[in-house]
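Okay, structure first, notes after.
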Amino acid sequence: MRTVAVVGASLAGLSAARSLRKQGYDGRLVVIGDELHRPYDRPPLSKEFLAGSLAEADLALEPDTEDLRAQWLLGVRAVGLDGPQRAVRLADGSEVRADGVVIATGAAARTLPGTDGLAGVHTLRTLDDARALRDELALGGRLVVIGGGFIGAEVASTAYTLGLDVTVVEAAPTPLAGPLGETMGTIVSALHADHGVRLLCGVGVKGLSGESRVEAVLLEDGRSVPADIVVVGVGARPCVEWLAGSGIELGDGVTCGADGRTSLAGVVAVGDCASWYDPRAGLHRRVEHWTGARERPDAAVTALLAGGAVEPGTPRPPYFWSDQYGVKIQFAGHAAGADSVTIEEGARDDRNVLAVYRRSGHPVAVLGMNQPRPFMRWRKQLAAAA
C-alpha cells in the first residue's frame with residue numbers, strides 16, 4: 001500500500017495511525033478530522049475538565065516527541081467514499097485517494113427536536129461542547145440532565161460538586177438498566193439520591209419551554225421542572241451517513257467482521273462508528289468505550305495490511321469506567337443475556353460492591369464500585385475465558 005487514509009482524528013483514528021507505523025507501514029499516511037483540534041481525550045470532558053480541575057493542554061493524546069509522519073487534514077469533513085476507487089471525498093471539494101481506508105468517524109450526540117437556537121441547552125461530546133457547558137456551569141443555577149446514562153450521571157455528579165441544583169430525568173424505570181441490568185442499575189443510580197440530586201424515572205420529556213433561553217423541562221406526565229441549564233444525554237448515533245452509496249454494509253454503524261474488516265476490500269472500521277462481530281454472542285455490537293478505541297485498531301490494521309489473509313481473533317470483552325460522586329465504577333463484559341447477578345464482595349448500601357454476572361453458571365460480566373483490585377482479577381478471568 002502506498003497510501004492509507006484514516007478518516008477520523010480522535011482516539012480510534014490516532015490509535016490506528018500509531019498501529020500502522022508500529023506494524024511497519026512506511027507509506028503515505030493521511031489523517032482526516034472534522035474538528036480543528038488535534039486528538040484529545042474525551043472521558044475527562046464530563047468530569048475533571050468540566051469541573052475546571054484539568055486544563056485543555058492536559059487532554060492532549062500526543063506527546064511532543066511523537067511523529068507519525070502523517071499528513072493531518074483537520075477542520076474538514078468527509079462527505080463521501082467512492083468504494084471501488086477508495087477515494088474519500090471532502091466537504092471542501094477535494095478528495096484523498098488511498099489504497100487502504102480506516103473509518104474512525106465516531107458518533108455524534110443525539111439532540112432533542114425543536115431545541116436548536118435555544119440558549120442554555122447543551123450536549124456533551126466534543127471539546128467545544130465541554131467549553132460551552134463549563135462556562136455556563138460556572139455561573140451556577142438549576143441544571144436538568146435529560147438521560148440517566150453514564151454521561152448524564154457524570155455531568156450531574158460534576159455539577160453537584162460545583163454547587164448547582166441538579167435534577168436528572170430518565171425515561172426508563174431504572175437508569176443504566178441497559179448496560180448494567182436492573183439490579184445493579186438501581187444500586188449505581190442510587191448515588192444520585194445519596195447526594196441530594198433529584199432523580200425522576202419512568203417519565204419522558206415532552207419538550208422545553210422558554211423564548212430565547214430555556215426556562216423549564218416539560219415532562220409527559222404534565223410536570224414542569226425549572227431549569228437554567230439543560231444537558232441532553234440521550235445517547236449517540238454513529239457518524240456513517242457519509243458512507244451512503246459507498247457499497248459498505250451499514251446497520252447500527254459500519255458492519256464489520258471480528259477484526260474490523262468491512263464488506264469492501266481495503267476498508268476497515270474502528271471506534272464508536274464500528275459494529276464488530278462478536279463470536280461469543282454470534283451478533284454484531286457497537287462498543288462505545290475508550291478501551292475499544294484504543295485496543296481494537298491493532299487488529300483492524302493487521303487485517304488491512306494483510307489483505308484479510310490473517311484469521312481474526314476474538315475481541316477482548318469490552319471494558320469501561322465511570323467516576324460519579326467520588327465512586328469509581330468499572331465494568332467489563334456484557335450484562336445482556338446474563339441470567340443471574342450476585343454481589344461477591346462489599347455492601348450495596350455502602351456503594352462498595354463487586355458483582356459478577358453469569359449465564360448458565362459461567363461469568364459473562366463483572367461490575368466494581370470502589371473495588372479496583374478484585375475487579376481487575378475478574379476482568380482478567382473474563383478475558384482468559386474469551
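Residue indices begin at 1 and follow the sequence shown. Keep in mind that this is a model prediction, so the values were computed, not measured.
Remark: the backbone N or O of Arg142 is paired with a side-chain donor or acceptor of Asp228 at under 3.5 angstrom. Side chain of Asn370 to main chain of Lys328: a donor-acceptor pair is present (N/O by atom type, distance under 3.5 Å, no hydrogens or angles). Between the Arg97 side chain and the Thr3 main chain, no donor and acceptor come within less than 3.5 Å of each other. Checking side-chain atoms of Tyr25 against main-chain N and O of Arg2 turns up a donor-acceptor pair under 3.5 Å. Here the side chain of Trp276 pairs a donor or acceptor atom with the backbone of Ala269 at under 3.5 angstrom. With hydrogens and angles disregarded, a donor-acceptor distance shorter than 3.5 Å links the side chain of Arg125 to the backbone of Ala107.
Summarising the geometry, atom OG belonging to Ser10 is positioned 13.0 Å from atom CZ belonging to Arg38; distances are rounded to the nearest 0.5 Å.
Under the side chain to side chain contact (heavy atoms under 4.5 Å, CB included) rule, Pro175 has a single partner from Val188, Leu199, Val168, which is Leu199. Checked options Phe375, Phe331, Trp290; the residue passing with Tyr319 is Phe375 (criterion: ring-ring contact (aromatic ring centres under 6.0 Å, His included)). Of the candidates Leu50, Asp129, Leu59, Leu59 is the only one forming a side chain to side chain contact (heavy atoms under 4.5 Å, CB included) with Leu45.
For the residue pair Ser19 and Gln23, a side-chain donor N or O sits within less than 3.5 Å of a side-chain acceptor on the partner. In summary, the side chains of Glu154 and Ser46 do present a donor paired with an acceptor at a separation below 3.5 Å, with no hydrogens or angles considered. Thr342 and Arg358 share a donor-acceptor pair across their side chains, judged by distance under 3.5 Å alone.
Using a 4.5 Å cut-off between side-chain heavy atoms of Ile, Leu, Val, Met, Phe, Trp and Tyr, with links allowed through other members, Leu354 and Ile187 fall into different hydrophobic clusters. Hydrophobic clustering places Val341 together with Met369 (ILVMFWY residues linked when any side-chain heavy atoms are closer than 4.5 Å, directly or through intermediates). Neither Leu219 nor Val145 shares a network with the other; the hydrophobic side chains, linked directly or stepwise wherever heavy atoms of I, L, V, M, F, W or Y lie under 4.5 Å apart, form separate groups for each. The hydrophobic clustering, which links ILVMFWY residues whose side-chain heavy atoms are closer than 4.5 Å, places Leu11 and Tyr40 apart. The hydrophobic cluster containing Leu191 also contains Leu143, counting ILVMFWY residues as joined when their side-chain heavy atoms lie under 4.5 angstrom apart, directly or transitively.
Across Cys239 and Thr105, no two heavy atoms sit closer than the pair O-OG1, 2.8 Å. Pairing each heavy atom of Ile146 with each of Val234, the nearest pair is O-CG1, 3.7 Å. Here the closest heavy-atom approach between residue Leu180 and residue Tyr357 is recorded as O-OH, 2.6 Å. The minimum heavy-atom distance linking Gly8 with Val31 is given by the pair O-CG1, 4.0 Å. Pro317 and Ala383 get closest at one heavy-atom pair: CD-CA, 3.9 Å. What you find for Gly148 and Glu170 is that their closest heavy atoms are N-OE1, 2.6 Å.
Cluster partners of Leu90, using a side-chain heavy-atom cutoff of under 4.5 Å among ILVMFWY residues and allowing indirect links, are Val7, Val30, Ile32, Leu73, Val76, Leu81, Val88, Val96, Val101, Ile103, Val240, Trp242, Leu243, Ile248, Leu250, Val254, Leu264, Val267.
For the pair Asp128 and His37, the minimum side-chain heavy-atom distance is below 4.5 Å. When side chains are defined from C-beta on, Pro318 does not count as touching Thr291, because their heavy atoms never get closer than 4.5 Å. Using a 4.5 Å cut-off on side-chain heavy atoms (C-beta onward), Met1 and Leu304 make contact. Residues Asp252 and Pro238 are in side-chain contact: their nearest non-hydrogen atoms beyond the backbone lie under 4.5 Å apart.
Within 6.0 Å of atom CD in Glu66, more than 12 heavy atoms from other residues, nucleotides or ligands are found, so the atom counts as buried in its surroundings.
The pair Arg213-Glu136 counts as a salt bridge, with a side-chain nitrogen and a carboxylate oxygen less than 4.0 angstrom apart. The pair Arg359-Asp339 fails the salt-bridge criterion, with no side-chain N (NZ, NE, NH1 or NH2) lying under 4.0 Å from an Asp/Glu carboxylate O.
Every pair passing ring pair (Phe, Tyr, Trp, His ring centres under 6.0 Å) that includes a residue from residues 168-224 is listed here, sequence neighbours excluded: Tyr160-His195, His192-Tyr325, His195-Tyr325.
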